[in-house]
Amino acid sequence: MSETVSGTGWLALLRQHMQRHPFLSASLGCGLLALLLLLSQGFMLESWSNASPGLRLATLGGLAGFATTSLGALPALALRGIPQKLEDSLLGFAAGMMLAASSFSLLLPGLDAAGGIVGSKSLGSAVVVSGMALGVLLMLGLDQFIPHEHEKGGPCGPGHERCSRVWLFVFAIALHNLPEGMAIGVSFSQANMAVGLPLTTAIALQDIPEGLAVALALRGAGFRAIAAVLVAVASGILEPVGALLGVGLSSGLPLAYPVGLGLAAGAMIFVVSHEVIPETHRNGHQTPATLGLMVGFALMMVLDTALG
């Protein structure tokens, strides 16, 4: 009698494999969410040409972030690692760009939009601050449900005991991509290139070192080169997913746009302070990481001036 595996046997094997590799289930879940969002947009729109300009630009922006994450992972096919000081400096550079993008491309346009809608600068500030609070609450909620690791508090989140430190790092980087994608979607929701283009350019640029960091971390953990690159690429799928969510958040009421800008800014600033900066300082390379942050901040400021 030949050996065969029944349908239930395949399910059992898949379940065991997902338990050993929790990122697989997370990737599949994110991919399913992306597919459902894209299908829902497809049912609402007759064709791509009939889609709203904001939706088209946000989708392209999210895909650009996904593409640069993938591009950043490719050198891991040949490299097994880079000096830790250089890696921390690159992540510091990414953090600086995220901080500047939050300030110049999210908060300032949000304040202008909110002030024009409510007719008061102080009330407009309150609207944007409420959006920031929502962004922080969103990330705090995800912080409780996504397994990851803090420098001082140790691993936390459901299922963290089944994840090695490298997987916790991968989860953290993947989680960064959600507010980044949301920021792209919100910035393009009004089809305003002056807001969306510099922000998307900054996020796409800083996704390159993030993609490389994920791939090299996996290679250092013993993954084969192609597997490390594929997982790093998968971590960027939350960019287009977040972009579609950002467009949805900014539609409807006029105040939804400045609130959405504040939400994306609050989420990004939270991620930088809560995860990225502590990670760059964990190995004693505070000075080069801080210098990288300053360079990234300055570059984003120049990009915002040139492209905005």
Side-chain angles (χ1 to χ4, degrees), residues 37 40-41 44-45 50-62 65 96-142 178-204 239 241-274 297-308:
L37 285 169
S40 66
Q41 295 290 347
M44 291 188 293
L45 302 169
N50 292 331
S52 67
L55 177 59
R56 290 201 303 269
L57 290 171
T59 302
L60 292 174
M97 296 203 76
M98 290 176 69
L99 286 176
S102 300
S103 302
F104 300 121
S105 298
L106 292 174
L107 292 179
L108 291 181
L111 290 170
D112 289 339
I117 292 171
V118 301
S120 168
K121 290 185 178 181
S122 58
L123 289 178
S125 299
V127 169
V128 176
V129 169
S130 66
M132 293 182 66
L134 290 175
V136 172
L137 289 175
L138 171 64
M139 299 312 298
L140 284 174
L142 292 175
L178 179 62
E180 291 171 7
M182 289 172 58
I184 291 173
V186 173
S187 67
F188 274 132
S189 62
Q190 305 297 308
N192 188 344
M193 293 293 290
V195 176
L197 183 58
L199 176 72
T200 302
T201 302
I203 290 177
E239 293 271 357
V241 172
L244 293 178
L245 292 175
V247 173
L249 286 172
S250 302
S251 61
L253 297 175
L255 280 178
Y257 177 58
V259 170
L261 290 172
L263 187 152
M268 288 179 63
I269 294 171
F270 179 91
V271 165
V272 170
S273 177
H274 196 57
F297 192 97
L299 177 59
M300 177 57 209
M301 183 171 61
V302 173
L303 286 174
D304 187 78
T305 302
L307 301 177

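In this chain, residues are counted from 1 in sequence order.
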Check your understanding: Taking only residues two or more places apart in sequence or in another chain, which ones pass side-chain contact (heavy atoms from CB on, under 4.5 Å) with V136?
Key -> L140, F270
Exercise for review: Check the pair V271, E180 against side chain to side chain contact (heavy atoms under 4.5 Å, CB included), reporting the backbone distance first and the verdict last.
Suggested key: CA-CA 10 Å; V271 165; E180 291 171 7; over 6 Å; no
Study note, to complete from the structure: On a heavy-atom basis, the closest approach of L107 and A265 is CD2-CB, 3.5 Å
Exercise for review: Quick one: which residue pairs count as a ring-ring contact (aromatic ring centres under 6.0 Å, His included) with a foot in residues 110-141, not counting sequence neighbours?
Suggested key: none
Point to revise | Sequence neighbours excluded - ring-ring contact (aromatic ring centres under 6.0 Å, His included) pairs with any residue from residues 98-136 | key: F104-F297
Exercise for review: Look up atom CG in L138 and atom CG in L245, then write down how far apart they are to the nearest 0.5 Å.
Suggested key: 9.5 Å
Review point. What distance separates L263 CG from L137 CG, expressed to the nearest 0.5 Å?
Key: 9.0 Å
Exercise for review: Write down the atom of G54, the atom of V247, and the distance for their closest heavy-atom approach.
Suggested key: O-CG2, 4.3 Å
Check your understanding: Which atoms form the tightest heavy-atom contact between A101 and A202, and what is the distance?
Key -> CB-CB, 4.4 Å
Review point. Among pairs that include at least one residue of residues 110-129, which meet ring-ring contact (aromatic ring centres under 6.0 Å, His included), considering only residues two or more places apart or in two chains?
Key: none
Point to revise | Listed once per pair and sorted, the side chain to side chain donor-acceptor pair (under 3.5 Å) pairs that draw on residues 104-117, sequence neighbours left out | key: S105-D304
Practice item. Scan for ring-ring contact (aromatic ring centres under 6.0 Å, His included) pairs involving residues 111-142, sequence neighbours excluded, and state none if there are none. Key: none
Practice item. Could you grab the distance from atom CE of M300 to atom CD1 of I203, nearest 0.5 Å is fine? Key: 8.5 Å
Review point. Any idea which heavy atoms bring V118 and G124 closest together, and the distance?
Key: CG2-N, 3.6 Å
Identify every side-chain donor-acceptor pair in residues 183-191 under 3.5 Å, counting partners at least two apart or on other chains, and give the distances.
unit_1 : atom_1 : unit_2 : atom_2 : d
S187   : OG     : A183   : O      : 3.1
S187   : OG     : I184   : O      : 2.8
S189   : OG     : V186   : O      : 2.7

**Study point:** Atom pair CG (L57) and OG1 (T200), whose distance is rounded to the nearest 0.5 Å
**Key:** 8.5 Å
Check your understanding: CE of M268 to CE of M139: how many Å apart, nearest 0.5 Å?
Key -> 10.5 Å
Practice item. Please list, chain by chain and in numerical order, all residues satisfying side chain to side chain donor-acceptor pair (under 3.5 Å) with E239, sequence neighbours excluded. Key: none
Point to revise | Results of side-chain contact (heavy atoms from CB on, under 4.5 Å) for T201 - residues two or more places apart only | key: L197, L205, L303, L307
**Study point:** Pairs where residues 116-142 contributes a residue and the test side chain to side chain donor-acceptor pair (under 3.5 Å) is met, not counting sequence neighbours
**Key:** S120-S122
Quick one: side chains of residues 253-261, donor-acceptor pairs under 3.5 Å with protein atoms, not counting sequence neighbours, listed by atom name and distance.
none

